[in-house]
Protein chains: 2
Amino acid sequence: MYVPCPSCPLRRKPAFRQKGEEEVAVINSMKSDHLTLEAGSEFIHPEQSDAELYTLFAGWAFRYKELGDGRRQILSFALPGDLIGLQASLFEKSFYGAIALTDIQLCVIPRRRMLRLFERMPEIAYDVTWLGARSEALVDENLLSVGRRGAGERIAALLCSLYKRAEPLGLVKEGVLELPLTQQHIADALGLSLVHTNKTLAKLRSQGLFTISGGHLVIRNLRGLSRFAQHFEEDLAPRPLI
Amino acid sequence: MYVPCPSCPLRRKPAFRQKGEEEVAVINSMKSDHLTLEAGSEFIHPEQSDAELYTLFAGWAFRYKELGDGRRQILSFALPGDLIGLQASLFEKSFYGAIALTDIQLCVIPRRRMLRLFERMPEIAYDVTWLGARSEALVDENLLSVGRRGAGERIAALLCSLYKRAEPLGLVKEGVLELPLTQQHIADALGLSLVHTNKTLAKLRSQGLFTISGGHLVIRNLRGLSRFAQHFEEDLAPRPLI
DNA sequence: CATCTCCTATGTGTTTTGACATAGCGGCTC
DNA sequence: GAGCCGCTATGTCAAAACACATAGGAGATG
């Protein structure tokens with residue numbers, strides 16, 4: 001189900017900067033494929049040497065690293081419109097893996113076309129760099145959480161952050177966000193054990209700031225949750241979409 | 001003490017990719033200033049809206065974020081040749097601060113020249129993007145540490161990482177690396193308390209893998225320390241220098 | 001040379017987090 | 001429907017990390 005960039009429905013969302021026809025045409029000419037993958041598929045492997053650059057068109061994914069003995073750290077979550085694989089496609093090998101959290105669709109920009117992309121349209125190159133910087137900002141925020149927030153604050157901050165990112169994408173319907181994370185994913189993202197995550201979640205829920213069940217997140221008091229988590233960053237919008 | 005790029009001594013180090021004359025000339029034309037700052041100076045402020053892009057020419061610095069109540073997380077350390085402020089110069093405001101750890105010198109590339117830089121020389125734009133991606137990779141690695149390594153492993157991994165980065169810059173002399181970090185900096189970078197950092201450091205030292213005193217780090221057994229820390233990444237070299 | 005500040009060091013007790021064990025629940029397969 | 005699997009939940013105990021208190025050393029300052 002190939003989607004040509006000029007008729008991309010994502011591009012019309014308020015989260016994204018509206019681009020001129022010519023620019024979209026160039027992006028379209030760089031796009032080599034439109035993949036559909038099942039939940040759980042790993043589309044960038046640690047150590048992989050020929051990873052492509054992807055734009056997540058639909059669904060959720062995450063980047064992760066792991067230690068030799070299997071301990072895993074989720075670095076960041078990706079939502080529709082996010083670029084995944086910039087590091088992996090620029091370096092000789094990838095330092096991380098990327099896995100689909102739900103069934104996903106990916107737009108593929110071949111790594112070997114990157115330099116030509118930079119030559120052909122500097123505005124797009126600038127946008128790629130911008131998106132790379134935003135990706136780093138997400139990891140920065142996560143590192144602040146894991147390093148300095150307590151367990152409850154971490155969970156609250158993660159939920160706030162995902163909610164604030166999902167909203168301008170139209171993923172929040174009548175106050176409900178479909179959250180495809182298991183408690184294991186939350187634990188892996190926040191540097192907590194599974195058990196502790198479970199207990200902390202239970203405690204937080206009992207305070208009534210949000211409910212989460214069956215993969216449905218409802219935030220009853222976003223202001224209060226943000227305050228508790230000390231999470232005050234808004235997602236950058238409008239942002240470019242490659 | 002302005003240093004023109006063509007005669008930049010950093011550029012000759014083995015850590016960096018050698019560039020053609022023309023490219024260096026363009027970089028030089030983008031450089032607007034060469035600053036000298038004292039240790040402790042904050043040259044990018046959180047929330048600052050007009051931060052410039054810097055290349056660290058000499059000395060050490062770090063990026064950090066903090067929570068409302070003063071808890072501080074160091075995101076990454078910068079060594080000579082590292083780009084600092086890409087996010088801050090691309091976004092409307094900075095999400096982090098940057099502080100000099102030693103007396104430092106900075107090459108300044110004004111933020112308003114960024115787009116022109118991309119137009120004028122795509123190769124350099126590509127390199128900027130590459131350096132941005134490398135900067136993210138450093139944060140990724142740090143997040144893995146803070147999220148999944150124990151206190152001892154974190155410290156070991158940090159020392160390994162800094163040592164491996166400092167070596168190709170010629171900062172390791174006869175096995176000794178001058179390390180301008182206090183234990184408070186280490187604690188802030190690794191998500192530990194000062195006291196716990198101190199005690200863990202003492203325990204590690206007593207195993208004899210390294211010595212550290214008076215700001216001088218000697219790693220007696222890099223292989224062994226890397227194994228203990230499960231830190232197996234080498235720094236990317238040669239890398240571009242903007 | 002007294003004083004101050006910053007950094008390092010160490011003992012004691014508390015809090016947070018993790019490990020292990022066990023159990024329930026819903027979906028799936030055969 | 002029996003059995004299995006992935007996810008969630010909860011109790012008990014152990015380990016990791018932190019808070020608070022105290023102290024010593026090195027360098028700056030007056």
Side-chain angles (χ1 to χ4, degrees), chain A residues 38-40 60 67 69-74 99-102 145-159 178-206 210-217 228-229, chain B residues 38-40 60 62 67 69-74 99-103 145-159 178-206 210-217 228-229:
Chain A
E38 285 185 1
W60 293 52
L67 296 174
D69 58 11
R71 283 176 284 176
R72 180 172 82 163
Q73 177 66 38
I74 291 182
I99 294 183
L101 212 42
T102 62
S145 263
V146 176
R148 285 296 172 227
R149 282 191 248 248
E153 293 169 322
R154 286 184 215 182
I155 293 179
L158 177 62
L159 295 180
E178 200 142 333
L179 204 65
L181 308 181
T182 67
Q183 294 185 356
Q184 184 67 65
H185 290 123
I186 297 177
D188 284 351
L190 299 181
L192 298 168
S193 74
L194 174 58
V195 176
H196 195 58
T197 301
N198 180 284
K199 290 177 183 178
T200 308
L201 257 176
K203 199 181 301 177
L204 280 181
R205 257 182 314 217
S206 76
F210 61 88
T211 62
I212 180 171
S213 77
H216 292 276
L217 169 69
F228 172 71
Chain B
E38 285 184 359
W60 293 52
F62 65 89
L67 296 174
D69 57 11
R71 284 176 283 177
R72 180 173 82 163
Q73 177 66 39
I74 291 182
I99 295 182
L101 214 40
T102 63
D103 291 349
S145 264
V146 176
R148 286 296 172 228
R149 283 191 247 247
E153 293 170 321
R154 286 184 215 182
I155 293 179
L158 176 63
L159 296 180
E178 200 141 333
L179 203 64
L181 308 181
T182 67
Q183 295 184 352
Q184 183 68 65
H185 291 123
I186 298 178
D188 284 350
L190 300 181
L192 299 168
S193 73
L194 175 59
V195 176
H196 195 56
T197 300
N198 179 283
K199 291 177 184 179
T200 308
L201 256 175
K203 200 180 301 176
L204 280 180
R205 258 182 312 218
S206 76
F210 62 87
T211 63
I212 181 171
S213 77
H216 293 277
L217 169 69
F228 172 71

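All heavy atoms count here, side chains included; hydrogens, waters and symmetry mates do not. The sequence lines fix the lettering, A, B, ..., with proteins before strands; numbering per chain opens at 1.
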Listed pairs, N/O of protein and of nucleotides 6-13 of chain D, under 3.5 Å:
residue: D:dT8; atom: OP2; partner: A:Gln183; partner atom: N; Å: 2.8
residue: D:dA9; atom: OP1; partner: A:Arg205; partner atom: NH2; Å: 3.4
residue: D:dA9; atom: OP2; partner: A:Gln183; partner atom: NE2; Å: 2.6
residue: D:dA9; atom: OP2; partner: A:Asn198; partner atom: ND2; Å: 3.1
residue: D:dA9; atom: OP2; partner: A:Arg205; partner atom: NH2; Å: 3.4
residue: D:dG11; atom: N7; partner: A:Lys199; partner atom: NZ; Å: 3.3
residue: D:dG11; atom: O6; partner: A:Lys199; partner atom: NZ; Å: 3.4
residue: D:dT12; atom: O4; partner: A:Lys199; partner atom: NZ; Å: 3.0

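- In this structure, A:Phe228 and A:Ala156 approach most closely via the heavy-atom pair CD2-CB, 3.7 Å.
- As a whole-Å value, the separation of B:Lys203 NZ from C:dT10 C1' is 13 Å.
- The distance from atom CG of B:Leu192 to atom P of C:dT16 is 17 Å, rounded to the nearest whole Å.
- Here the side chain of A:Gln184 pairs no donor or acceptor atom with the backbone of A:Leu194 at under 3.5 angstrom.
- Summarising the geometry of B:Lys203 relative to B:Ser206, their closest heavy-atom pair is O-OG, 2.6 Å, with the distance given to 0.1 Å.
- Of the residues in residues 145-158 of chain A, not one places a heavy atom less than 4.0 Å from an atom of DNA chain D.
- Between A:Arg71 atom CZ and C:dG18 atom C1' there is a gap of 13 Å when expressed in whole angstrom units.
- Of all non-hydrogen atoms in B:Leu101 and B:Pro180, the two that sit nearest each other are CG-O, 3.9 Å.
- A:Thr102 places no side-chain N or O within donor-acceptor distance of the main-chain N or O of A:Ala39, the cut-off being under 3.5 Å.
- Judged purely by atom type and a 3.5 angstrom limit, B:Gln73 uses its side chain to pair as donor or acceptor with the backbone of B:Ala189.
- Ion pairing between a basic and an acidic side chain is recognised when a charged N comes within 4.0 Å of a carboxylate O; A:Arg71 and A:Asp188 show no such pairing.
- Two residues are said to be in side-chain contact when any heavy atoms from C-beta on lie closer than 4.5 Å; B:Leu201 and B:Ile155 meet this criterion.
- With hydrogens and angles left out, the side-chain atoms of A:His185 and A:Thr182 include a donor and acceptor closer than 3.5 Å.
- The backbone N or O of B:Leu67 sits nowhere less than 3.5 Å from a side-chain atom of A:Arg148 that would complete a donor-acceptor pair.
- Five base pairs at each end of the helix from C:dC1-D:dG30 to C:dC30-D:dG1 define two local axes, and these are offset by 40° (rounded to 10°).
- No engagement by A:Gly215 is indicated, since no non-hydrogen atom pair under 4.0 Å with the nucleic acid exists.
- Judged by distance alone, the side chain of A:Arg149 and the main-chain N or O of A:Ala229 form a donor-acceptor pair under 3.5 Å.
- A:His196 places its NE2 atom 16 Å from the C1' atom of C:dC20, with the value rounded to the nearest Å.
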